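These numbers were taken from a predicted model, which means no experiment stands behind them. Within every chain, numbering begins at 1; the chains are lettered A, B, ... in the order of the sequence lines, protein sequences first and strands thereafter.
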Amino acid sequence: MPMEKTFSPAEAEARISALWIDQKVGRVGANAKPGAEAFSIMIPPPNVTGSLHMGHAFNNTLQDILIRWHRMQGHDTLWQVGTDHAGIATQMVTERDMAEHQEPNRRTMGREKFLARVWQQKVKSRGTIIGQLQRLGASCDWDREAFTMSGAPGAPAGEDGNFHDAVIKVFVDMYNKGLIYRGKRLVNWDPHFETAISDLEVENIEVAGHMWHFKYILADKQSYEYIEKDAEGHVTLREMRNYISIATTRPETMLGDGAVAVHPSDARYQSIIGKMVHLPLCDRLIPIIADEYPDPTFGSGAVKITGAHDFNDYQVAKRNTLPMYRLMDTRATMRADGAPYADAVKRAREIAAGSPTDENEVDALNLVPEKYRGLDRFEARKQVVADINALGLCVSTLHSEIDPETGSEHLTREPFVEAKKIMQPFGDRSKVVIEPMLTDQWFVDTAKIVGPALDAVRSGATKIIPESGEKTYFHWLENIEPWCISRQLWWGHQIPVWYGLNLDAPDFADDEGDDALDEVEILNFLGDGGHVDREARHHCAAEFATVSERFRDDLAALPHPLNNARIVEVADRHAAATLLAQSLADYNLSQDPTHLAYPIWRDPDVLDTWFSSGLWPIGTLGWPEQTPELQKYFPTSTLITGADIIFFWVARMMMMQLAVVDEVPFKTVYLHGLVRDAKGKKMSKSLGNVIDPLEIIDEFGADALRFSNAAMASLGGVLKLDTARIAGYRNFGTKLWNACRFAEMNGVWEGHKTQAQPPKATATANQWIIGETAKALSEVNAALKDYRFDNAADALYKFVWGKVCDWYVEFAKPLFDGPDAPETRATMAWVLDQSMILLHPMMPFITEDLWGTTGTRAKLLVHTDWPTYGAELINTEAATEMGFVTSLIEEIRSARAQVHVPVGLKCDLVATDLSPAARTAWTRNEALIKRLARIDTLTEGPAPKGSIAVAVEGASLSIPLAGLIDIAEEKARLTKTMDKLAKEIGGLKGRLNNPNFAASAPEEVVDEAKANLALREDEAAKLQAALKRLAEIG
RNA sequence: GGGCGGUUAGCUCAGCGGUAGAGCACUACGUUGACAUCGUAGUGGCCACUGGUUCGAUCCCAGUACCGCCCA
């Protein structure tokens, strides 16, 4: 059955993809030669509930190109595929799906049932992205699909695996090494998801905001002289003030102010540093302190300090040991918990006066006045502004208004509010305003593990390309902050830490020495409910049994029989306190020590997703088991990922792998930018410029998309995806297809079997194209070795279209009619085979399809040997000869076209002057020249009058066209060419005549310039002669 | 404000010491042997600007302007 006119991607891709999957062509080690070197790539695991976007398509195309290239070379390859559980995103997707299906919400459902529900969602979604990767032609090892939560408790059947165990083991190990700690820190809090998020998950967006100016009145009716000066030191304002003016964009946080800060060098406030001011709306005094943080040139130069709700203020508060009062709850509404305001503020005053306290007590104090309690933070802002204004404590301006009826003027004071652009933090998932919040979180002490990650890149153990990526990497890691790894979510790896009430009672004495607790002793022991408020103690271990042992050791120090209490797991602290009280009461009655229980509860938080994906390289290979895969494929060869996650993921994998197994996770990291639309805009749903890779594949085929991806992958380049370009590469595929179809029509494939080596060719055209193939291979190899996918694509495009289709197919046509036909058929078969092989990593579908239909093949193309031939296939004489032929043909065509010789007209060609090499080429390639330049006869002799002139290297030719051409037009054409030549000659002469050039330039450059000049002058002379002849005939 | 990068044909991008290339677009013309998803020929560039280094700068250095991206 003859070939169709075009390749049909829709049909062929489905068929071929099924074939590859069925035959497991991407399985680990497939097509590896014995003892081959390993080449491995970890896929950046896509979000399990996500779908393929252009970034994935681009990223996975490059990975597949490398993997197929290495696999064809017989290397032992692994492309590890899998998905990420993506904590917050997956929880969000599931909750949205639940809402759409009128299911109860997560809190009603409870943690366990909700997790089962998320697993359902995971199982349902997982196939989407995997199927999409397969449509793209990715040749991963599908049997090894991994998941960052495989093997977690509650995982359904089929979700086994040991990723969870690996994550927990790493947490426990790092905890034991002191690399993980718990602490109360200011973190980015997402009030929608009610969890901490990383600063990398925060988008700072400039929005229209306001700046309010408040007066804080000095205590004890004090006042001071306030003097403002201009740049020259002239006094511009001098007045007595009883207040200090502060500016804020977040008025509601003033309720938690701990101080007002001014710059120590700020002359205006020197006299009041250390004085107290009344905090408006609150029954509190706060100090004016000196700190480097305030910018004296900005606003009034005085800044309110709210340590619990602002990152800068937090640092100031820490430096100056100011109390940090948390004002909001987890949903960022003003706190409504705790003691009445009057009690809280009383205690706050005691603390301010020096009463000892700790951060837990401070955190428990709710200093939100009653009227604001329970208000949304933005509502509270309005109220606070209104109330401060009512007190006359806003900096205000006078507004005059004429009453339209009475004509009288009314003056009103209006608060001075500046409209101002402010940077506001938003959750990248929730899109709500992020609230800095003081909470207890777990942190990786990154300062302790960052060193090896920096060294690895500095020493070149891991190479990041493009090099600018290394700069970014260093910059970030050298300034690394502690990594908050706890998230207040349910979907994720639950932190392996259990808490127990602290029952230590150093002052307790068993009065009677009877080894039994009586009622009095129990009361003594519990003190004033002491353990209830004490910081709980905690232990970390992979499972309950181990952690119980630790708590048992703690209990050993307690009086009998408490030291023998049973360790029992309960839900939370509240349940623990209740159970302990019950247990003691029970014991009090029964005096039966076996009734005593010591309750412990597990940390409800889960780990940041990046903590687990940070272990992707070893986790997917079976660590901590020393699996054969781990030994063979780790460290992995290349990581290909977006530059936007160098911090999120790359840097963390580096730190984690080095901390855990003391090896770099990959030898090379290839970073690429965001895929944008044709105009360079980010693709976003709101702009409506999102290109769906599947739609592109439907329209143009996966090969076209893949080739486009490769072609635009210049190092550090911007990735602008233009469908016109994709269409162009679809056409490129068609071009190859039709060359094969042409071959088929000429019997090239009859009885064809794969030949690794080219046929022994005698015809110059055949020798030439064989050499061109070797050049193409070498260019592709060099380009791919340097990760220059664009250069590799370009080389292939130029070879297949520019050499094979444009020239070789045309040369073959006359050869098929002559004695060289069998050799030409064999050569064409070989050259097209090579084209399929070399193109296969980039265009796997069309090449695999052609491969299957054009000959007898031992293996699928995907497993066919990548060629190893080299320069020995290049025949320089053939190359020179064909160079002469092609430039001759091009010159003739150009000349004919310019003087409007009808394309259908066959002309004669007369050679006036031929060098020996040109003469050989001339006679040996007569058929080609005649056919492609539309020439009737080739003769040698003097140039006839009334002809057009053609000059090529080594030959002076003319086409007699007396009476057919417009002499003036031919003159104009030659003059134009002469002008161009004259310009080049002028430049070259100028250079060569400069004595400094000959003296300083390298010899070969001088020689090249000389040779160039000779060539140009020779051509100019030929054209000059032609012009002279034209002049003779008028 | 800090860091990184960019500015080359109408568009999208290569090139990065020896006076510029590709694809697309555009113009004209379409020949017996595959391909109109095509062929042939052609148009199109003070390589952002200003200095410097150099025999020579699109390329190296410094500065300016504008544009991105990341981080505050």
> NA contact type, A:Glu891, heavy-atom cut-off 4.0 Å: base, sugar-phosphate, or nothing?
Replying inline: nothing

> Knowing that exactly one of A:Phe700, A:Phe707, A:Trp737 qualifies, which makes a ring pair (Phe, Tyr, Trp, His ring centres under 6.0 Å) with A:Phe732?
Replying inline: A:Phe707

> Pairing of RNA chain B as dot-bracket, 5' to 3': ( ) intra-strand, [ ] crossing, | other strand, . unpaired, with Watson-Crick or G-U pairs under 3.5 Å?
Replying inline: (((((((..((((....[..)))).(((((.......))))).....(((((..]....)))))))))))).

> If you look at every strand shown and take non-hydrogen atoms under 4.0 Å, does A:Phe700 touch a base, only sugar-phosphate, or nothing?
Replying inline: nothing

>> Can you see if the side chain of A:Lys5 gets near the phosphate of B:C38 - specifically, an N or O under 4.0 Å from OP1 or OP2?
In response: no

>> Considering every strand and a 4.0 Å limit on heavy-atom distances, what is the contact class for A:Lys983: base, sugar-phosphate, or nothing?
In response: nothing

Atom pairs under 3.5 Å, N or O on each side, protein against nucleotides 52-62 of chain B: can you list them with distances?
unit_1, atom_1, unit_2, atom_2, d
B:C55, O2', A:Asn994, ND2, 2.6

> So what does A:Pro425 touch, heavy atoms closer than 4.0 Å: a base, only the sugar-phosphate, or nothing?
Replying inline: nothing

> For A:Trp737 and B:C38, is the shortest distance between a side-chain N/O and OP1 or OP2 below 4.0 Å?
Replying inline: no

>> Looking at A:Tyr670, I'd like to know if the NZ or CZ of A:Lys463 sits under 6.0 Å from its six-membered ring centre while staying within 45 degrees of the ring's axis.
In response: no

> Reckon A:Ser894 has a side-chain N or O less than 4.0 Å from the OP1 or OP2 of B:G42?
Replying inline: yes

> A:Arg788 near the nucleic acid: base, sugar-phosphate alone, or nothing, with a heavy-atom cut-off under 4.0 Å?
Replying inline: sugar-phosphate

